[in-house]
Amino acid sequence: MSVFAHNCPDIKFTVVDVNAKRIEAWNSRNINELPIYEPGLKEIVAEVRGRNLFFSTDIDRGIREADMIFISVNTPTKTYGKGKGMAADLKYIELCARQIAEVATDDKIIVEKSTIPVRTAQTIKSILESTGKLESSGNVESPDKKIKFQILSNPEFLAEGTAVRDLQNPDRVLIGGDHQTEEGREAIDILSAIYERWIPAERIIKTNIWSSELSKLAANAFLAQRVSSINAISAICEKTGADVEEVAHAIGADGRIGAKFLKASVGFGGSCFNKDLLNIIYMSYTLGLQEVANYWEGVLLINRYQRTRFAENIVSALFNTVADKKIAFLGWAYKKNTNDTRETAAMYVADYLIEETAKIVVYDPKVTQAQMHNDLELLGSRPSQENSNSLCAVNDPYEACHDSHAIAILTEWDEFKEYDWQKIYDSMKKPAYLFDGRNIVDGKKLSAIGFKVYQVGKGNI
Ligand code: UDX
C-alpha cells in the first residue's frame, strides 16, 4: 500500500489491523522502527505517511469509508483438524469477509491479495451475499436495495528483499474477476486503472478469477521446482566432481530454460514456497489427483533433503561429532535483505545440530536472538530452555566465529564476502571448517588461507 500511495497521491489508503502493536510500530515517529525491513521502504513511508497513507486499528471505519478493500490477512498452513500441516487456514479470510458484510453500508470492490486455494473467492462472495446488509435508498417510495460486492483476485508477486522494486516495476500484474458481467468487467477496469498510473497497460493481465487464483500458486510452485531441481543436481555434482555452478550456467544459457532461479543452496525458505506447495499438494489430493499431489510433493521432499544433507555434512566432516563444539552461523534470514525468517533453512539446520548437542552462535545483520528462539520454539523439537542454552546471537560476526570449530553460511548477505577471512581463520579452532550453504565466498581463496571449505554442489573437502 505504501507503493500504491506513492504512485497515487490523490487516493487515500488506510491500512487497518487488529494488532495494535503493529499499527503503532507502523506509526512510530522513528522511521527506523518500522516492523518490516525492506530496501527503499522507509523512504517511501516517510514520504506518504500522514499524506495519503494511514495506519489504524479502527477496522469498522476503514471498511465503511473504503470504495475498494484489499484483503491481505494471513493464510497460514492449518495446524489443526482436517488438512492439518497442509491445507491453508482460511479462518482469517472468513472472519474478514463477515466483518465487511456486517459493517459495509454501500457497494464495495473486494480484492483478494492473500494467497489462497482456488475458489476462495466463492467463499468470500457467498458470505458477503448472504450476510450483507441492505443499502438504504434514502427514499420511502423505493425499496432498499441489497449492497453489491464485486470480488477480484489480485495476487501479489513481489519477492521479499526486492519488494519495493518489484512493485514499482513488475513483470506483470494479474487481475482476475467476473468477466461475464458488466459490473465484473467494470471492477477489473477500476483496479487496472490504479495500476496503470505507473505500470504500462500491456503488463496488466486480466483473467477469470479462478485462473488468477491458480496462477499465483502455480508460479510459486514452478519457481520452487527450479530451486529443488538444481539442488537435486547439486547432490549428484558432489558425488561426481561436476561443479553445480558450471552446470547451472551451461543449462541456463539455453533460452528455453533461462538463467534465473538456478542457484543451488541449502534449501529454499520464506513464507510462500513451502506453504503454496502444501496448498497445491493438498488441493490436488482433495480433488482426487493423487499423482499430481505426489509430483509436487517431490519438490518439497528435495528441499528437506537438501537441508538435512547440509547439516549431516557438517557432522560427518567434524569427525562425526559436534557435541559441545561451537558452530558459528552467518545468517538466519531465509534470504538476504530481509529480516523475515519464516521457513528459513537456518532453523532446520540449527535444529539438527542442537539435537547433536552443538553450541551455535549466530550473527545475522537483521534478525534478533528472540526471533531465532521463537523460530526454534515453533519447530517444537525440545523445551525452549534447551534451545536458549544451545543457541545465542551476537552483534559481531568476528565474535561469532571466534574459537569456533566450523562456520556455516546460511544466508547470502553481501557483507559476508567482504570479511577479513584471514583474521577469522586465525581466531578459529583447527582444522577450521567453512560450510558455505549459499556458494557466496571464494572457495579457492579461503582454501589457500587454510580453511577446509564445503560448498553446495562442488568438488568438496
Ligand atoms: C517468492 C516469489 O518469488 C514471489 O513471486 C512471491 O510473490 C512470493 O514468494 P520470496 O519468498 O520473497 O518470493 O523469495 P524468493 O526470492 O522467491 O526466494 C525464495 C527462496 O528460494 C529463498 O530462500 C531463496 O534463498 C531461495 N532461492 C531462490 C534459492 O535457493 N535459489 C535460487 O536460485 C533462488
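Remember, it's a predicted structure, so these values are computed and weren't measured experimentally. Whatever order the structure lists them in is the order used to number ligands and atoms, beginning at 1.
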Inset, instruction - Verify salt bridge (charged side-chain N to carboxylate O under 4.0 Å, His left out) between Glu412 and Lys263, making sure each step is shown before the conclusion. - result: CA-CA 11 Å; Glu412 73 282 23; Lys263 234 181 145 10; over 6 Å; no
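Within a 6.0 Å sphere centred on OH of Tyr285, heavy atoms belonging to other residues, nucleotides or ligands number 12 at most. Atom CG of Asp171 has 12 or fewer neighbouring heavy atoms from other residues, nucleotides or ligands inside a 6.0 Å radius.
Proximity of the aromatic rings of Tyr433 and Tyr454 is defined here by a centroid distance below 6.0 angstrom, and this criterion is not met.
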For ligand 1, what N or O to protein N or O distances fall under 3.5 Å?
from	atom 1	to	atom 2	distance (Å)
ligand 1	5 (O)	Phe157	O	2.7
ligand 1	7 (O)	Glu156	O	3.0
ligand 1	7 (O)	Phe157	O	3.4
ligand 1	7 (O)	Leu158	O	2.9
ligand 1	7 (O)	Lys216	NZ	3.2
ligand 1	11 (O)	Tyr334	OH	3.3
ligand 1	12 (O)	Glu160	N	2.6
ligand 1	12 (O)	Tyr334	OH	2.7
ligand 1	14 (O)	Lys335	NZ	3.0
ligand 1	16 (O)	Lys335	NZ	2.8
ligand 1	23 (O)	Gly269	N	2.9
ligand 1	23 (O)	Tyr334	O	2.9
ligand 1	25 (O)	Arg438	NH1	2.7
ligand 1	30 (O)	Ser265	OG	2.6
ligand 1	31 (N)	Lys263	O	2.9
ligand 1	33 (O)	Leu262	N	3.4
ligand 1	33 (O)	Lys263	N	2.9

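A heavy-atom distance below 4.5 Å is found between the side chains of Lys275 and Thr75. The side-chain heavy atoms of Asp364 and Gln371, taken from C-beta on, include no pair separated by under 4.5 Å.
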